[in-house]
Amino acid sequence: LKYSDRIKNQKIGLVRKFTDEANKLPYNDKIFLSIGVPDMESIDYLHDGVNEAFEKGYTRYTPTAGMDIVRETIAGQYKNRKTAYPISKDNILLTAGSQEAIFLLALATLDKGDEVIIISPAFFSFKRCSTIMGAKCIEISYKVEDGKYFLPLEDIKANINENTRYIYVNSPNNPSGALSSREELRELSKIADKNGIYIVSDEVYKDYVYNGKFHSTIEFSDKTIVVDSISKSFSATGFRIGWLLADKDIIEKLLPAHQQILFSISSLNQYAVHYAMNKEDIQEKVSQRIDIFKERHDLVYKRLNKMQGIECPVSEGAFYLLPRLKPEISINGTDFCYKLMYEKRVILIPGIDFGASFENHIRIAYTQDIKLLSEAMDRMELFVNDLIG
Ligand SMILES: Cc1ncc(COP(=O)(O)O)c(C=O)c1O
């Protein structure tokens with residue numbers, strides 16, 4: 001079979017590759033801190049919601065953009081948030097996870113010759129989806145000052161040209177946990193507005209905030225396209241329910257492409273999300289989980305910064321930390337992860353998957369309970385001490 005120029009050089013990402021390789025290892029004391037999947041069960045209302053969907057007979061194709069009641073429920077999630085324009089169901093397109101939203105947007109808007117700006121370290125799909133469409137990715141690193149990440153506003157301004165289509169922003173960030181402030185996002189919105197370009201705001205970790213407050217450029221600019229999902233907030237990555245929020249003209253333009261990909265997303269799961277989001281105590285259930293993640297974050301962050309040869313910037317959200325290996329650790333992030341996996345059965349992800357300049361970083365997803373996380377940190381400390389000698 002002849003493969004298209006678009007896909008022939010595409011490879012399976014390192015997160016999946018490491019996790020699959022580790023799964024095959026014949027040990028029963030492996031600790032997975034690799035994949036971005038919360039360890040807790042999915043929010044139980046989803047279970048009841050799927051059952052009710054069956055009872056009501058929602059087992060067929062739905063309208064292309066999703067069921068009206070579900071789009072209304074999701075639009076309702078923005079009622080308590082400040083937005084640059086009022087959000088209704090017409091601004092919502094339901095997608096198979098936010099991943100489809102990212103891909104669909106790239107498919108529908110990027111051609112060869114177009115450019116996108118990626119603030120790295122960044123979730124790898126921004127680059128992969130853009131390059132599949134032939135667009136050029138301009139990667140600009142966050143500024144790190146006093147161990148804290150800031151949006152590189154001046155560098156972003158300097159890299160915008162007539163080919164720039166949008167800037168991807170992801171706060172709280174995968175893989176660093178960085179949370180961008182209201183002021184930074186307001187400035188970024190001004191830059192986008194002034195240059196007539198869009199911001200693609202990936203908000204899948206919006207509930208995972210430990211320090212500070214979540215903000216979005218949708219508060220300031222109608223040139224924001226939000227991608228989001230229930231995957232992380234409801235611990236429901238397998239449901240594949242996400243959405244894209246944008247001006248209704250954009251939604252209408254995206255519909256034909258979305259239709260050709262899958263007609264419409266799972267009716268049962270759509271309804272289950274509608275059911276769960278309308279439960280009075282749903283946010284309380286989510287918040288209880290975030291408290292547990294905060295405790296885990298604090299433990300891992302402290303332990304990492306005590307290890308010799310490791311330096312970890314402050315993280316304020318998501319469920320990842322991205323420590324840097326100092327020069328006294330004489331191997332790069334990829335070799336570090338391989339050795340740690342084979343010698344100590346702790347599975348992390350090399351930083352290189354999140355940006356070319358992160359080859360000496362490693363990503364840790366603290367998606368296990370405190371006991372396992374302590375054990376993983378003990379093993380990693382021994383490993384690092386051995387490496388330094
Ligand atoms: C930043 C970010 N965006 C989007 C996704 C895609 O998630 P989903 O398609 O499950 O919504 C992920 C998954 O890890 C992610 O980390």
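In each ligand, atom 1 is the first atom listed, and ligand 1 is the first ligand listed.
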Query raised in the report: Hey, looking at atom 3 (N) of ligand 1, which of D202, V15, I241 has the closest heavy atom?
Result: D202

Report task. Could you check V346, I347, L348 and say which one makes a side-chain contact (heavy atoms from CB on, under 4.5 Å) with I364? Result -> L348

Query raised in the report: Using 4.0 Å as the upper bound for N to carboxylate O, is an ion pair formed by E100 and R240?
Result: no

Query raised in the report: Can you name the one residue among L46, V70, T95, V273 that meets side-chain contact (heavy atoms from CB on, under 4.5 Å) with I241?
Result: V273

Query raised in the report: Would you say G36 touches ligand 1, if touching means a heavy atom closer than 4.0 Å?
Result: no

**Report entry** Heavy-atom gap R240 to ligand 1 smaller than 4.0 Å
**Finding:** yes

Query raised in the report: In the protein, which heavy atom is nearest to atom 12 (C) of ligand 1, and how far is it?
Result: F123 CZ, 3.4 Å

Requested in this report: Check ligand 1 against G97 and write out every atom of the ligand that is under 4.0 Å from a heavy-atom position of the residue.
Outcome: 9 (O), 11 (O)

Query raised in the report: Are F383 and F336 close enough that their ring centers fall under 6.0 Å?
Result: yes

Query - Atoms in ligand 1 with a heavy atom of V204 nearer than 4.0 Å - result: 1 (C), 2 (C), 3 (N), 15 (C)

Query raised in the report: Under a 4.0 Å N-O cut-off, is there an ion pair linking R303 with E381?
Result: yes

Requested in this report: With rounding to the nearest 0.5 Å, note down the distance linking NZ in K223 to CD1 in I250.
Outcome: 8.0 Å

Requested in this report: Return a yes/no value for Y205: is any of its N or O atoms, backbone included, closer than 3.5 angstrom to an N or O of ligand 1?
Outcome: yes

Query raised in the report: By ring-ring contact (aromatic ring centres under 6.0 Å, His included), which residues pair with Y271, not counting sequence neighbours?
Result: Y58, H274

Query raised in the report: Going by distance only, is there an N or O of T237 that falls short of 3.5 Å from an N or O of ligand 1?
Result: no

Query raised in the report: With F293, which residues qualify under ring-ring contact (aromatic ring centres under 6.0 Å, His included), at least two apart?
Result: Y208, F319

Report task. Consider every N or O of K232 and every N or O of ligand 1, then say whether any pair is closer than 3.5 Å. Result -> yes

Query raised in the report: Which of the numbered atoms in ligand 1 are below 4.0 angstrom from a heavy atom of S231?
Result: 8 (P), 10 (O), 11 (O)

Requested in this report: For atom 7 (O) of ligand 1, find the nearest protein heavy atom and state the residue, atom name and distance (0.1 Å precision).
Outcome: S98 OG, 3.4 Å

Report summary line: In ligand 1, the atoms that come under 4.0 Å of a heavy atom of N170 are 1 (C)

